[in-house]
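What follows is a short report on a single structure.
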Amino acid sequence: MTRPVIGLTTYAEPARYGPGELPSAMLPMAYVRAVHEAGGTAVLVPPGSDVLEVLDGVIFTGGADLGPDLYGAAPHETTVARPDRDAAELG
């Protein structure tokens, strides 16, 4: 039996590699472990990726708040939105 291929949306964040920082597609390893323990194969889906048609399922891993402009509201003072991630996940 083949394991289902499950996409995990990633965060586009700077990460330290050696002496400098580079833009990176990342998420907590707990997501990958959970998919594996449930019998699936985890595939990281970076922002802007178009691999959804080859996946058996997708887990939207959370993160920043959705931009309130997407649902016609004003941002709260504690809102931390990521328009780049919203566009990638809704696109």
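Source: prediction; values computed, not measured. The figures here come from the full heavy-atom set of this structure, side chains too, leaving out hydrogens, waters and symmetry mates.
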Return all side-chain donor-acceptor pairs below 3.5 angstrom for residues 32-47, not counting sequence neighbours, or 'none' if the list is empty.
| residue | atom | partner | partner atom | Å |
| --- | --- | --- | --- | --- |
| H36 | ND1 | R3 | NH2 | 2.8 |

same_hphob_cluster(V54, F60) at 4.5 Å side-chain heavy-atom cutoff: yes
With sequence neighbours excluded, residues passing side-chain contact (heavy atoms from CB on, under 4.5 Å) with P68: Y71, A73, P75, T79
Check: Y31 side chain, T61 main-chain N or O, donor-acceptor pair, under 3.5 Å: yes
Sequence-distant partners of E13, salt bridge (Lys or Arg N to Asp or Glu O under 4.0 Å), two or more places apart: R82
Partners passing side chain to side chain donor-acceptor pair (under 3.5 Å) against S24 (at least two apart in sequence or in another chain): Y17
Same apolar cluster: I59 and M29, side chain cutoff 4.5 Å: yes
Any side-chain heavy-atom pair of I6 and L55 under 4.5 Å: no
Which atom of A25 lies closest to which atom of T10, heavy atoms considered: CB-OG1, 3.5 Å
From CA spacing to verdict: side chain to side chain contact (heavy atoms under 4.5 Å, CB included), L8, L27: CA-CA 8 Å; L8 298 169; L27 75 156; 4.0 Å; yes
For M26 against P14, the heavy-atom pair lying closest together: SD-O, 4.5 Å
Set of side chain to side chain donor-acceptor pair (under 3.5 Å) partners for T78, sequence neighbours left out: H76
Salt bridge (Lys or Arg N to Asp or Glu O under 4.0 Å) contacts in which one or both residues fall within residues 48-64, not counting sequence neighbours: none
